[in-house]
Amino acid sequence: MWQKIEAAPADSILGLTEAFRNDPNPQKVNLGVGVYKDEAGKTPILDCVKAAEKVLLERESTKSYLPISGDPLYAAEVQKLLFGENGEVIASGRAATAHAPGGTGALRVGGDLLKKFYPNAKVWISKPTWANHKGVFQTAGFALAEYAYYNPATRAVDFEAMVKSLESIPAGDVVLLHACCHNPSGVDLSNDQWRKVAAIGKAKGWIPFLDFAYQGFGEGLAEDRFGIEVFAATGVDFFVASSFSKNFGLYNERTGALTIVSPTKAEAAVAMSHLKTTIRVIYSNPPAHGGLVVATILSTPALRAQWLEELSAMRNRIKAMRVALVEGLADRKVKGDFSSIISQRGMFSFSGLSDEVVQWLRTNKAIYVVAGGRINLAGLTQANIGYVCDAIAEAMNK
């Protein structure tokens with residue numbers, strides 16, 4: 001059946017990783033795929049995860065299905081991360097949370113659910129955005145549009161243009177927002193800007209959908225959820241897709257969640273009923289292990305404290321690599337101002353490297369960067385930072 005069908009193109013990021021694996025150069029560096037690396041260049045299993053898995057192994061008594069929406073303790077702990085231990089949304093019971101297979105699964109479930117009730121809506125994505133956002137929502141059947149976000153000249157949010165875009169979006173359309181650590185730019189909204197965006201959303205009546213893949217990788221758990229909190233305070237309906245790949249290191253466990261926030265508890269119950277119906281025909285029940293690991297860690301004080309320490313260490317290492325890259329390029333007198341890299345947040349940065357430089361780095365130095373110059377700062381280590389800075393200097397100063 002495939003003889004007359006052309007092969008699909010490789011994923012722009014995962015395809016880069018495949019090329020990296022096949023590269024024989026011993027000095028090769030992968031700054032493309034969005035996976036955290038430690039100082040040894042490895043993606044570690046967190047100590048708190050290992051401890052939680054030991055607990056689960058000892059007490060596990062069945063491999064029976066989880067409920068359609070997942071383990072109730074997991075949902076409760078996810079909501080505490082989103083709204084705080086004593087958050088009003090939790091107290092009022094106006095959120096419905098389901099365990100999803102990763103952040104991508106949460107986005108797709110949310111897309112399918114929204115398509116059911118808003119069949120003519122458009123999904124608005126930031127310009128630029130994570131490449132897979134387009135595929136997820138197009139495959140769910142939505143037409144896409146873009147709102148202004150990043151200004152490459154200033155390497156900052158073009159907030160005036162963003163406001164103009166958001167004010168033009170009609171009621172009933174869906175606006176996809178990065179809750180923190182914007183991928184791919186690393187440029188986030190300020191708290192005042194979040195307040196303005198939430199006010200526009202409430203006034204215009206579009207549906208906010210916040211992608212929250214990096215909580216704790218920006219400034220901290222509470223700081224990074226500010227956008228969630230301001231939308232919750234408006235009382236509007238909105239969606240949140242959480243991922244625990246990065247902040248718990250549970251990449252291959254595909255652990256995420258979809259949370260629907262409603263104005264009332266009764267409306268949240270209706271939302272949950274349709275959320276379950278949507279999940280049932282896609283994957284029926286979520287995978288158990290990753291969610292049970294997260295629930296065990298977050299509900300056990302000692303493990304939660306250990307997780308917070310490990311999360312802080314990952315966040316601080318990424319920040320240190322940002323500073324090291326900027327200082328390394330300055331020391332080598334590389335043309336251009338790279339100081340904005342320090343003020344960006346999370347794993348990613350729009351480095352300012354041209355596609356020509358990106359290709360040169362790959363061809364000549366086996367340094368792999370996504371087209372457009374997006375760098376994963378977590379791919380840098382003390383061992384390779386000098387090599388990377390030397391290579392960029394050679395590419396840009398030649």
Side-chain angles (χ1 to χ4, degrees), residues 33-40 42-57 59-60 66 69-85 97-107 130 178-181 183 210-225 228 240-259 286-319 345-348 376-379:
V33 69
V35 174
Y36 176 80
K37 304 282 188 180
D38 62 16
E39 251 323 298
K42 305 295 184 182
T43 300
I45 300 175
L46 301 187
D47 290 339
C48 63
V49 168
K50 279 294 190 184
E53 287 179 321
K54 184 177 180 181
V55 170
L56 290 172
L57 185 63
R59 75 184 185 195
E60 188 176 48
L66 290 179
S69 57
D71 180 68
L73 177 60
Y74 174 75
E77 293 298 334
V78 169
Q79 290 190 12
K80 290 177 185 177
L81 288 179
L82 295 180
F83 310 112
E85 292 275 343
T97 297
H99 178 177
T104 305
L107 290 166
W130 179 47
H178 297 241
C180 74
C181 304
N183 180 6
L210 285 86
D211 187 353
F212 206 7
Y214 303 99
Q215 186 176 9
F217 265 45
E219 298 299 329
L221 292 181
E223 295 88 342
D224 292 351
R225 68 172 176 244
I228 311 290
V240 183
S242 299
S243 170
F244 301 117
S245 294
K246 275 72 177 181
N247 53 12
F248 282 85
L250 292 170
Y251 297 92
N252 67 10
E253 299 296 350
R254 308 310 299 129
T255 308
L258 179 67
T259 298
H289 186 72
L292 296 179
V293 167
V294 170
T296 300
I297 292 170
L298 294 178
S299 63
T300 307
L303 291 180
R304 193 180 196 279
Q306 186 179 19
W307 172 61
L308 290 174
E309 287 185 9
E310 292 185 89
L311 178 60
S312 177
M314 289 190 287
R315 180 173 64 247
N316 290 336
R317 199 190 87 73
I318 293 169
K319 288 185 175 183
R345 303 200 306 174
M347 292 190 354
F348 302 114
N376 173 17
L377 278 300

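Keep in mind that this is a model prediction, so the values were computed, not measured. Worth knowing before you read on, the calculation uses all heavy atoms, side chains too, and leaves out hydrogens, waters and symmetry mates.
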Donor-acceptor under 3.5 Å ([X] side chain, [Y] main chain):
| X | Y | answer |
| --- | --- | --- |
| Asp224 | Cys180 | no |
| Ser312 | Leu308 | no |
| Gln215 | Leu221 | yes |
| Trp307 | Val49 | no |

Handout entry: Arg304 and Glu309 ion-paired at < 4.0 Å
Key =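 Salt bridge: no.
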Decide yes or no for [X] and [Y]: does some side-chain heavy atom of the first lie under 4.5 Å from some side-chain heavy atom of the second?
| X | Y | result |
| --- | --- | --- |
| Val55 | Arg59 | yes |
| Tyr74 | Leu298 | no |
| Val240 | Phe83 | no |
| Asp47 | Gln306 | yes |
| Glu60 | Glu53 | no |

Looking at every heavy atom in both [X] and [Y], which two are closest together, and how far apart are they?
| X | Y | value |
| --- | --- | --- |
| Tyr251 | Gly34 | CE2-O, 4.0 Å |
| Pro287 | Glu253 | CG-O, 4.4 Å |
| Ala288 | Leu66 | CA-CD1, 3.6 Å |
| Ala179 | Leu210 | CB-CD2, 4.3 Å |
| Pro44 | Asp38 | CB-OD2, 3.9 Å |
| Gly290 | Thr255 | CA-OG1, 3.2 Å |

Practice task
Start with the C-alpha gap between Ser242 and Leu82, add the side-chain angles, then the distance that decides, and say whether side chain to side chain contact (heavy atoms under 4.5 Å, CB included) holds.
Solution key: CA-CA 9 Å; Ser242 299; Leu82 295 180; 3.7 Å; yes
Exercise for the section: Report the relative orientation of the aromatic rings in Phe217 and Tyr214; use parallel for angles under 30°, tilted for 30 to 60°, perpendicular for over 60°. Expected result: tilted
Handout entry: Pair Lys37-Lys42, side chain to side chain contact (heavy atoms under 4.5 Å, CB included): steps then yes or no
Key = CA-CA 5 Å; Lys37 304 282 188 180; Lys42 305 295 184 182; 6.0 Å; no
If you measure from [atom1] on [X] to [atom2] on [Y], what distance do you get to the nearest 0.5 Å?
| X | Y | atom1 | atom2 | result |
| --- | --- | --- | --- | --- |
| Leu258 | Thr97 | CG | OG1 | 8.0 Å |
| Trp130 | Asn183 | CH2 | CG | 8.0 Å |
| Leu303 | Cys48 | CG | SG | 7.0 Å |
| Met314 | Met347 | CE | CE | 10.0 Å |

Do [X] and [Y] pair up side chain to side chain, a donor and an acceptor below 3.5 Å, judged on atom types alone?
| X | Y | result |
| --- | --- | --- |
| Arg254 | Ser243 | no |
| Glu77 | Ser299 | no |
| Tyr36 | Arg317 | yes |

